[in-house]
Amino acid sequence: MAERIHAGNFDSKVLADATFALVDFYSDSCVPCKRMSPVLAELEESYAGKLYVGKVNIAYEPELVEKYEVSSAPTLVFFKDGKEIQRLTGVQKKADLEKFISENV
């Protein structure tokens, strides 16, 4: 299951790590976010060791929401070598995410 991250550990978990990371900016009350949760869990399992998956609850992390200019949930932000390389908003198809991940791992 994706690790919940916060402002205090975001840099060490996502930016400082040289791996490929997917951060899910979500809300507990967001139905589309709930639909994405099992998809992200499957991706985390399929790409274990190659992809870090973290979750940021937008209700509790306004600093990260502002820094990354997140305006809706779910927002999926991909990072590679500490830099944002892709951003997707709303429910995404697993196949589309797998294609993007495979191209960038």
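- Under the 3.5 Å distance criterion, the side-chain polar atoms of Asn9 are matched with a main-chain donor or acceptor of His6.
- In the displayed structure, Lys50 atom NZ is contacted under 6.0 Å by at most 12 heavy atoms of other residues, nucleotides or ligands.
- Taking a cutoff of 4.0 Å between a charged side-chain nitrogen and a carboxylate oxygen, Lys67 and Glu63 do not qualify as a salt bridge.
- Between Phe100 and Phe78, the distance from one ring center to the other falls under 6.0 angstrom.
- Atom-to-atom distance recorded for Asp96:CG and Leu88:CG is 8.5 Å, nearest 0.5 angstrom.
- Between Lys55 and Ile5 there is no side-chain heavy-atom pair separated by less than 4.5 Å.
- Proximity of Val77 to Asp24: side-chain heavy atoms (C-beta onward) are nowhere separated by under 4.5 Å.
- Distance check: Leu40 CG to Lys94 NZ gives 10.5 Å after rounding to the nearest 0.5 Å.
- Here Lys13 pairs with Glu3 in a salt bridge; the nearest charged N to carboxylate O distance falls below 4.0 Å.
- Aromatic ring centroids of Tyr52 and Tyr47 lie 6.0 Å or more apart.
- The distance from atom CG of Asp11 to atom CG of Leu64, rounded to the nearest 0.5 Å, is 8.5 Å.
- Atom CZ of Arg87 is separated from atom OG1 of Thr75 by 6.5 Å, given to the nearest 0.5 angstrom.
- Taken together through direct or relayed side-chain contacts under 4.5 Å among Ile, Leu, Val, Met, Phe, Trp and Tyr, Ile58 and Tyr60 form parts of separate hydrophobic clusters.
- Panel note: side chain Glu61, backbone Ala59; no donor-acceptor pair is recorded below 3.5 Å.
- In this structure, CG in Leu51 is found 11.0 Å from CD in Glu98, a value given to the nearest 0.5 Å.
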What pairs of donor and acceptor atoms, side-chain ones from residues 25-36 against any protein atom, are under 3.5 angstrom apart with sequence neighbours left out?
from, atom 1, to, atom 2, distance (Å)
Ser27, OG, Ser29, N, 3.4
Ser27, OG, Ser29, OG, 3.2
Asp28, OD2, Asn57, ND2, 3.1
Lys34, NZ, Asp28, O, 3.3

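- Of the inter-residue distances, the one linking Leu43 atom CG with Ile101 atom CD1 reads 4.5 Å to the nearest 0.5 angstrom.
- Between Tyr68 and Glu84 the shortest side-chain heavy-atom distance falls below 4.5 Å.
- Between the Ser102 side chain and the Lys99 main chain, no donor and acceptor come within less than 3.5 Å of each other.
- Residue-environment remark: CD (Glu66) stays at or below the threshold of 12 foreign heavy atoms within 6.0 Å.
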